[in-house]
Structures are given as structure tokens and as C-alpha cells.
Amino acid sequence: MNLIEIQDRLKQQVRASALELFGVELDQVNAETPPRAELGDLAFPVAFELAKLVKQGTGVKLPPRTIAEQLKAKLEHSPEVDRVEVAGAGYLNVFFNRARLLALFAVAKADPEGVPSPLPDRPKKMVEHTSINPNKAAHIGHVRNAVLGDTFVRILQAADERVEVQNYIDNTGVQVADVVVGFMHIEKMNLDDIKALDSSLPSERPFDYYCWDLYTKVGLFYRDGNPQTEPNAERLKLRTDVLHALEEGNSSTAALADYVATRNVECILDTMERLEIRYDLLARESDILHLHFWDRAFELMKAAGVLRLETEGKHAGCWVMPFESHTGTDEHESDKIIVRSNGTVTYTGKDIAYQLWKLGHLGLDFNYKPFRAYPDGHIAWVTTTEPNSEMLPEVPRPDFGSGVKVYNVIDSRQSYPQEIVARGVAAVVPEVGADSSTHLGYEMVALSPAACAELGIQLSDADRARPFVEMSGRKGLGVKADDLIDRLEADAFREVATRHAELSIAEQQETAHQIAVGALRYFLLKFTRNSVIAFDFKEALSFEGETGPYCQYAAVRANSIFRKLGDEAAAAVAALVDDTSGKPEMASRVSEPLAGESGTEIWSLVMLAERLDEVIALCAASAEPANLAKYTFTLARAFNLFYHRHRIIAEQDETKRAVLIAVAQIARRRLTSALATLGIAVPERM
RNA sequence: GCACCCGUAGCUCAGCUGGAUAGAGUGUCUGACUUCGAAUCAGAAGGUCGCAGGUUCGAGUCCUGCCGGGUGCACCA
């Protein structure tokens with residue numbers, strides 16, 4: 001039995017008592033954590049609500065405290081409850097039987113490092129994240145997306161959900177076309193030239209870095225080298241021609257673009273692998289086009305009557321989706337164009353087709369082939385048009401698509417098109433509804449003025465006056481992910497080398513790597529999704545205070561205690577469990593260290609640690625990983641305080657020592673599990 | 001013009017479906033390493049929760065209006 005089950009049981013008793021004593025049927029009973037541990041383990045503010053309902057129902061005015069007093073007597077019969085107090089204006093505060101629950105929590109099975117066994121019987125949830133245009137290296141804004149998405153995946157898995165992770169590859173879009181224009185018309189290269197270049201590039205400037213620089217040149221190229229002038233129409237036509245070639249496929253230009261995009265995807269996946277971020281499926285836009293997903297979606301949408309062919313006005317010849325919640329003006333139309341007057345489909349249209357496929361309502365499927373095998377044997381697959389790829393005998397292919405719920409991790413600037421996608425899907429398949437599509441939006445990562453100065457970026461006067469500057473791949477304005485990870489690893493390595501000279505270089509590097517990942521992931525997760533991160537080097541590179549390494553350090557300390565205790569820890573916990581079951585005298589001795597002011601302080605760590613399941617459930621429901629990050633830090637902080645105040649190994653009293661061991665055991669298990677769900681490993685030493 | 005997001009300590013941010021005395025980190029100042037590791041801990045100082053109304057037992061949280069900042073409203077993605 002865990003804390004959630006105990007709470008649910010008490011809530012049911014409150015409901016039953018309210019009905020019995022006052023004849024009031026409560027919809028739900030709220031439980032909260034009292035502001036201070038000495039006020040109890042669980043609080044019900046239910047008496048306030050009951051006072052109101054009783055007055056409405058009968059006209060009798062009962063003070064909340066009187067109501068609470070009557071409920072108190074009923075609750076005190078539960079075996080998990082030690083006593084109940086009425087406090088304040090009418091709070092019902094529950095104090096648990098500490099010795100009993102300590103034994104209960106101490107024997108709970110350890111979580112298997114946040115990787116639960118697969119649950120094939122469960123309906124599948126789809127999470128799309130990363131989805132970086134494959135034309136350049138990833139910057140920290142992209143990493144925010146990937147870390148948010150990956151952590152949300154881990155949260156769903158920790159909540160026993162079945163999840164499929166997809167990364168959308170927009171390999172036929174404008175951004176890829178631009179880099180292709182750069183290779184063909186600035187660098188004057190053909191496919192063989194690019195391959196030769198690729199293999200000659202130094203490791204510190206890989207292909208995606210090369211494309212990053214080239215991409216910034218293309219913007220200038222369109223404007224004949226002067227950023228102030230209007231684009232050169234002749235040169236812009238080169239882009240249109242490339243775009244057209246990409247959509248058609250089967251040309252030397254398309255082959256060149258495919259190489260460029262695929263190599264960038266490989267580089268980006270390498271970057272993400274450094275942060276423990278992996279994928280199940282890479283869904284390529286070219287395959288959505290060439291397998292005619294849109295044609296099918298178009299038919300479904302027309303049949304459902306969600307599209308209207310405009311015959312007059314400035315949208316004449318376009319198929320549009322009416323969007324009445326946005327009122328139109330002269331400047332801004334309220335309807336969303338899905339098919340252009342030249343017959344081509346917009347991005348939103350393609351996304352509706354893709355979303356219908358994710359939910360298993362398109363009636364078409366991709367073909368698949370393996371893209372990358374991870375060291376643990378997991379395979380990231382990629383979509384393809386070639387049907388024979390299905391036949392690869394040595395790799396069993398999972399079934400992709402057909403989820404019941406879709407989460408799209410996309411920055412909040414795209415909330416308007418995302419809303420249209422959700423409504424389009426709901427209109428075609430009313431039975432799944434708009435609720436099956438969730439836009440997991442987040443604000444951008446921008447650059448603080450200090451960060452711009454450090455990067456040597458010249459700001460315009462207008463930008464200087466702003467609180468932050470938006471990153472721009474087009475302008476080459478941004479912090480590349482690999483550069484930042486390199487810096488973090490170098491900083492961490494320097495620390496580890498001085499602290500642990502006894503470790504081998506390889507061990508020091510591995511530890512530095514784990515610390516760097518912890519620092520970066522935590523930094524990106526501690527902000528809630530709708531807060532803009534004004535990126536600051538000093539803050540991002542910090543290992544002290546509210547950081548990932550702080551949390552890792554607490555877990556490392558806990559582990560070192562158990563390393564020293566050896567077999568004694570398990571024996572002590574077993575003895576404690578034995579004492580509390582059916583030996584009243586021994587049980588009361590176990591209660592002693594948990595009583596009084598000092599005992600409450602120790603006990604509060606247990607209660608906090610056991611709240612992990614509740615926090616995971618909250619994060620899964622609200623799609624807000626920041627809650628888990630904050631919780632993990634709070635737990636680490638509480639453990640550090642406990643660690644500082646109580647010397648376990650030096651403790652002479654055997655019973656108290658066993659209690660402290662059990663408490664530390666619970667805390668380190670939950671802390672390790674919380675960190676794993678954040679994608680943060682616990683080093684051996686640090 | 002319309003829609004969405006934000007405004008909380010000097011700075012960066014939390015604040016669960018309305019609940020008890022609004023919290024962290026950072027910065028400043030002061031203490032604690034002979035101990036299971038100081039990437040740590042303790043203490044001090046720091047607040048008109050943007051402003052004004054309203055809803056109620058109770059509002060940082062909900063409603064209305066206003067002020068200030070951000071984003072979106074493409075036959076781009």
C-alpha cells in the first residue's frame with residue numbers, strides 16, 4: 001500500500017461520514033499537505049465546504065469547527081492513523097502512525113530506475129518532440145523542446161503509460177531548401193562534392209555546424225549580400241525551384257537534399273544522445289507526401305464537410321477551414337487556408353494528415369526501416385516509401401501509430417496552427433474529439449543581453465532596449481547545443497579531476513558527462529513551460545544551488561552511506577519491519593525516534609519522499625515537468641538537511657540507527673527514481 | 001483591431017483543482033569542515049503579489065476594467 005492509496009481510503013471515509021452525519025453527498029474530497037509538518041501529515045479543509053452545504057440544505061448554521069470535531073472521531077479508527085486534530089478555523093489534520101508506515105514504505109520494492117516493463121495491453125500515447133528542421137545544428141531552444149518532450153515521456157512511463165516517441169523530420173520544407181540552395185549556388189557543389197566535404201570536415205566542425213554557417217549565408221545571398229535591400233527575385237526563384245524538386249522527388253536535387261537532411265538528422269540525433277534522448281520513430285515529411293497521406297486526408301475532410309472551396313474574394317480557388325473563434329478584419333482573415341489556389345497543400349494540411357495517422361484514423365500507413373541502433377539494442381526507425389524495407393528479417397518491427405492520445409511538443413508561437421490541427425482532426429473523426437490532441441506548448445529560449453555580449457553579437461539599438469533577444473537560425477544567432485554541453489563537461493571535468501584524482505581519466509570523464517547532463521536538463525526543466533527562458537551562461541553553467549548537480553550530490557551522499565553500511569542496512573531494515581509487526585512493545589520503541597519535534601523533522605522527509613507518485617501523476621495530468629524538477633530539488637534539499645543533522649554511522653542506539661537507515665533508504669530510493677524520471681543519472685562519486 | 005501568455009524579494013523564478021504566517025535559488029552580510037564528502041548546512045536582511053473594483057467564511061490564485069511587456073493572427077513552416 002502506498003501513500004496515494006492511504007489518502008484515497010481516508011477520503012472515502014470522509015465522504016461516507018459526511019453523508020452519514022450531515023446527509024451531504026460530496027463530489028470529491030480535497031486533501032492537502034499542511035504548511036508545517038507539526039500540523040500533521042494530511043489536512044482536510046472539508047468542514048468549510050460542509051458548513052456551506054449544510055446551511056444551504058437545511059438552513060442550520062453549523063460552525064466549521066463543530067463539523068470537524070464530529071468527522072474527527074470517525075477518522076481516528078483507521079489503522080494508519082495515529083490521531084486527528086482540529087486546527088485553525090476548522091481544518092481536520094491527520095497524523096499517521098509513523099512507525100507502522102515507516103516499515104510499510106521501507107519494504108516497498110525499489111523502482112527499476114524509471115524504466116518500467118512494457119505494457120502492451122494499454123492504449124498508446126504518442127509524444128512528438130524535437131522535430132528540428134534538418135538543415136543545421138541544434139541550438140538550446142531546440143534542446144528545451146527535446147528535454148521537455150523526453151522528460152514528459154519518462155513521466156508518462158513512470159505513471160505506467162505506454163508511450164511512442166516520434167520526431168518529425170521536415171525534410172521537404174523551406175529551411176532544407178535554403179541550405180540546398182547554399183550548397184548548389186553559393187558553394188557550387190554537387191552531391192559528390194558534398195560527400196567529399198563531409199568526410200573531410202574536422203570533428204570540431206561537423207556537418208551540422210558547416211550547415212549552420214552556410215544557412216546564414218543563404219539569407220544574405222537572396223539579398224545580394226546586403227541585409228538592408230529587398231530580396232532578389234531571381235535568386236528567390238532558386239528556392240522555389242528547389243522546393244518544387246523536393247516535393248516531386250526522383251531528381252538529383254532531391255537526392256542532394258536527402259543527403260543533406262539525413263546527415264543533419266544524424267548529427268542532431270548524436271547531440272540528443274549525449275542528453276539521453278532517444279526516439280522510436282522518425283516520421284519524414286517526404287514520405288507523407290509521396291505516400292499520398294494528404295490526398296486521403298483531403299478526401300476525409302471534404303466528406304466530413306470541414307473544408308470550403310472559396311469561389312470569390314482574395315481566397316478564390318483555395319480550400320479553407322472556417323475558424324469562427326478568430327474574428328476577421330481587413331488585414332487578418334478568420335479562415336485558415338489548407339489548400340492553396342495552385343493546388344498545393346499548406347503545412348497545416350500536412351499536419352492534419354499526419355495527426356490522423358497518429359490516431360489511427362487515416363487508413364494508410366508508412367513503410368519503415370531501421371535508422372539507428374542504440375547501445376542498449378533499442379532501434380530508432382525511420383519512415384520510407386520503399387515497401388520492401390518491411391522485410392528485414394533480423395529486426396522485429398513494432399507497430400507504429402494508432403494511439404489514443406497525441407501530445408505535440410511545439411513552441412507556443414504555433415498554438416494557432418495547432419488549434420486548427422486539433423479541430424480539423426476532431427471534425428473528421430468526431431468520436432475521438434479535440435481532447436485527443438494536446439499541444440504541449442512552451443515559450444522560447446531567448447538570449448539575455450549578457451549572453452549576447454559574451455557571444456560577441458552586435459545588437460541593434462532596438463534589440464538592446466529589449467529584455468531579451470530571440471534566437472534565430474536564419475541569422476546564426478544562438479548557442480549551439482554541442483558547444484554548451486562541451487563547456488559543461490569541461491567545467492565538470494575540472495572539478496571532478498581535483499576532487500577525485502584516484503579515478504581513471506575515463507571514469508572522470510563519465511562522471512563529468514553525467515554532471516553536465518544533470519546541469520543542462522535541470523536548468524531547462526526548472527522553468528514552467530509558459531515562462532520565457534532568458535538564457536544566461538552563468539546560470540546555465542552553475543553547479544550550485546537549485547541545479548541538477550545539487551540533486552545528484554544529495555543522492556551520491558546517500559549512496560556513500562549505504563556503501564559504508566554494507567549488509568548492515570538491509571538487516572537493520574528487516575529487523576525494524578519485524579519489530580513493528582505484532583510486537584507492540586518493540587513498535588513503541590521504533591516510534592520514539594519519530595516522536596516530538598526532532599521526530600517530526602525526520603518523519604517529514606519520509607512523507608515528502610513518499611509523495612513522488614502523487615507528483616508524477618500531477619505532472620502527467622498537467623503535462624508540466626517543472627513540477628517534478630521542483631519536487632526533486634525540494635527532496636534533495638530535505639535529504640541534505642537530514643544528512644547534516646543525523647549521523648547514521650555514529651548513532652549508538654540500535655533502534656534509532658535502524659530508523660535513520662530506513663528513512664535514508666526511502667529518501668535515496670525516491671530521489672534516485674525522481675532523477676531518473678528527469679533523465680538525470682546518479683554518478684558513483686562526484 | 002482580435003486572440004493567447006506574462007507581471008510575486010535587488011536579480012531569476014515557484015506557488016497543486018481558491019485554504020492556515022506568500023516560498024526557493026541567486027546576490028549581500030554573518031557563522032559551521034578532525035565527522036556518512038562543504039558541489040553542503042545554519043542565521044540575518046529583503047514583499048502594497050502591476051493598479052482599481054467585484055465574487056465569499058477565505059483571493060497571489062476566480063470575474064470585470066485598466067496599465068506595462070511578450071507572442072500570434074501568411075496561398076511560410
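So that the names make sense, note that chain A is the first sequence line, chain B the second, and so on, each numbered from 1.
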Discussion item. The side chain of C318(A) is closest to which nucleotide in this list: U71(B), C75(B), A42(B)?
Written reply: C75(B)

Worksheet item: If you check every side-chain atom of Y553(A), which of G37(B), U71(B), C41(B) has the closest atom?
Response: G37(B)

Fill in: Sugar-phosphate only, base, or nothing, as touched by L618(A) at under 4.0 Å among non-hydrogen atoms
sugar-phosphate

Practice prompt. Report yes or no: do R611(A) and Y631(A) form a side-chain donor-acceptor pair below 3.5 Å?
Written response: no

Practice prompt. Would you classify G173(A) as touching base, sugar-phosphate or nothing, given that sugar-phosphate means primed atoms plus P, OP1 and OP2, and contacts are heavy atoms under 4.0 Å?
Written response: nothing

Worksheet item: Distance check: side-chain N/O of N627(A) vs OP1/OP2 of G15(B), anything under 4.0 Å?
Response: yes

Worksheet item: Across the strands shown, which category fits S531(A) at heavy-atom distances under 4.0 angstrom: base, sugar-phosphate, nothing?
Response: sugar-phosphate

Practice prompt. Flag this pair as yes if the NZ/CZ of R668(A) is under 6.0 angstrom from the six-membered ring centre of F562(A) and inside a 45 degree cone about the axis; otherwise no.
Written response: yes

Practice prompt. Using the C1' atom as the reference point in each nucleotide, state the distance between G31(B) and U48(B) in Å, no decimals.
Written response: 34 Å

Worksheet entry | Flag, side chain of R65(A) to backbone of G88(A), donor-acceptor distance under 3.5 Å | yes

Response to the item:
Mate of G1(B) across any strand shown (Watson-Crick or G-U wobble, both atom pairs under 3.5 Å) is C73(B)

Practice prompt. Check every strand shown and say whether A43(A) touches a base, only sugar-phosphate, or nothing at a heavy-atom separation below 4.0 Å.
Written response: base

Item to complete: Using modelled atom types only, decide if a donor and an acceptor are shared between the side chain of N171(A) and the backbone of A261(A) within a distance under 3.5 Å.
Response: no

Worksheet entry | Quiz item: N93(A) side-chain donor-acceptor pair to A20(B) base, under 3.5 Å | yes

Fill in: Rounded distance (Å) that lies between atom C1' of C57(B) and atom CD of E49(A)
13 Å

Worksheet item: Looking at C75(B), does its base get a donor-acceptor pair with the side chain of S341(A) below 3.5 Å?
Response: yes

Item to complete: Could you check which nucleotide pairs with G7(B) in any of the strands shown, counting Watson-Crick or G-U wobble with both distances under 3.5 Å?
Response: C67(B)

Worksheet item: Considering only heavy atoms and no angle criterion, is a donor-acceptor pair shorter than 3.5 Å present between the side chain of H500(A) and the base of G37(B)?
Response: yes

Worksheet, complete the sentence: Rounding to 0.5 Å, atoms CD1 (I561(A)) and CG (N559(A)) come to a distance of 9.0 Å

Worksheet item: RNA chain B: R563(A) or E285(A), which has the more 5' nearest nucleotide?
Response: R563(A)

Worksheet entry | Phosphate contact (G72(B) OP1 or OP2) by Y416(A) side-chain N/O below 4.0 Å | no

Worksheet item: Under the 3.5 angstrom rule, does the side chain of S412(A) hit a backbone N or O of S415(A) as a donor-acceptor pair?
Response: no

Worksheet item: So what does Y550(A) touch, heavy atoms closer than 4.0 Å: a base, only the sugar-phosphate, or nothing?
Response: sugar-phosphate

Worksheet entry | Phosphate OP1/OP2 of G37(B): any S560(A) side-chain N/O under 4.0 Å | yes

Worksheet entry | side chain to side chain donor-acceptor pair (under 3.5 Å) partner of Y168(A), chosen from R284(A), E285(A), E128(A) | E285(A)

Worksheet item: Toward the 5' end of RNA chain B, which comes first, E684(A) or G88(A), by nearest nucleotide?
Response: G88(A)

Worksheet item: F527(A) near the nucleic acid: base, sugar-phosphate alone, or nothing, with a heavy-atom cut-off under 4.0 Å?
Response: sugar-phosphate

Worksheet item: Looking at Q414(A), H439(A), Q355(A), which one forms a side chain to side chain donor-acceptor pair (under 3.5 Å) with N408(A)?
Response: Q355(A)

Worksheet item: Is the ring of F633(A) stacked on the base of A24(B), with centres less than 5.5 Å apart and planes under 30° off?
Response: no

Worksheet item: Within the modelled atom types, does a donor on one side and an acceptor on the other bring the side chain of R36(A) and the base of U21(B) under 3.5 Å apart?
Response: yes

Worksheet item: Atom CG of N640(A) and atom P of A42(B): how far apart are they, to the nearest Å?
Response: 9 Å

Worksheet item: At under 4.0 Å between heavy atoms, what does R413(A) touch on the DNA or RNA strands: base, sugar-phosphate, or nothing?
Response: sugar-phosphate

Worksheet, complete the sentence: Between I338(A) and T348(A), the two heavy atoms sitting closest are CD1-CG2, 4.2 Å

Discussion item. Roughly how many Å apart are C63(B) and U55(B), using the C1' atom of each and rounding to a whole number?
Written reply: 7 Å

Worksheet item: For atom P, what is the distance between U21(B) and U26(B), given to the nearest Å?
Response: 28 Å

Item to complete: Indicate syn or anti for C33(B), taking the glycosidic torsion and treating anything within 90° of 0 as syn.
Response: syn

Worksheet item: What does Q175(A) touch in the nucleic acid at a heavy-atom separation under 4.0 angstrom: a base, only the sugar-phosphate, or nothing?
Response: nothing

Fill in: Interatomic distance at P, C6(B) relative to G10(B), whole Å
22 Å

Practice prompt. Using the P atom as the reference point in each nucleotide, state the distance between A52(B) and C57(B) in Å, no decimals.
Written response: 24 Å

Fill in: Under 3.5 Å on both distances, the Watson-Crick or G-U partner of G18(B)
none

Practice prompt. Give the rounded distance in Å between these two atoms: NZ of K52(A) and C1' of C57(B).
Written response: 8 Å

Worksheet entry | Presence of Y522(A) side-chain N/O under 4.0 Å of C13(B) phosphate oxygens OP1/OP2 | no

Worksheet entry | Residue-phosphate contact under 4.0 Å: H644(A) side-chain N/O, U40(B) OP1/OP2 | no

Worksheet item: Rounding to the closest angstrom, what is the interatomic distance between G69(B) and U61(B) at atom P?
Response: 23 Å

Practice prompt. Could you check how far CD1 of I515(A) sits from C1' of A39(B), rounded to whole Å?
Written response: 8 Å

Worksheet item: Which nucleotide in the list C6(B), A38(B), A39(B) gets nearest to the side chain of Y643(A)?
Response: A38(B)

Item to complete: Grab the CG-C1' distance between D536(A) and G25(B) for me, whole Å please.
Response: 13 Å

Item to complete: Would you classify P64(A) as touching base, sugar-phosphate or nothing, given that sugar-phosphate means primed atoms plus P, OP1 and OP2, and contacts are heavy atoms under 4.0 Å?
Response: nothing

Discussion item. Over all strands shown, is V496(A) touching base, sugar-phosphate only, or nothing at heavy-atom distances under 4.0 angstrom?
Written reply: base

Fill in: Whole-Å distance separating the CZ atom of R637(A) from the P atom of A42(B)
7 Å

Item to complete: Give the nucleotide from the list A77(B), A20(B), G37(B) with an atom nearest to the side chain of T346(A).
Response: A77(B)

Item to complete: Examine the base of A39(B) for any acceptor or donor lying under 3.5 Å from a partner atom in the side chain of R499(A), and report the outcome as yes or no.
Response: yes

Fill in: P gap between C73(B) and C16(B), integer Å
31 Å

Discussion item. Can you tell me which nucleotide in A20(B), G37(B), C6(B) comes closest to the side chain of R685(A)?
Written reply: G37(B)

Worksheet item: Is there a donor on the side chain of N30(A) or the base of U17(B) sitting less than 3.5 Å from an acceptor on the other?
Response: yes

Discussion item. Whole angstroms only, please: what is the CZ-C1' distance between F523(A) and U12(B)?
Written reply: 9 Å

Discussion item. I'd like the P distance from G70(B) over to U8(B), given in whole Å.
Written reply: 15 Å

Fill in: Closest to side chain of N530(A), choosing from C6(B), C41(B), A77(B)
C6(B)

Worksheet item: In the structure shown, which nucleotide is the Watson-Crick or G-U wobble counterpart of C33(B), with both distances under 3.5 Å?
Response: none

Discussion item. In whole Å, I'd like the distance from the NE2 atom of H142(A) to the P atom of A77(B).
Written reply: 17 Å

Discussion item. By the 4.0 Å heavy-atom rule, please label I649(A) as base, sugar-phosphate, or nothing.
Written reply: base

Item to complete: Test the R487(A)-F537(A) pair against the cation-pi criterion, namely NZ or CZ under 6.0 angstrom from the six-membered ring centroid and within 45° of the ring axis.
Response: yes

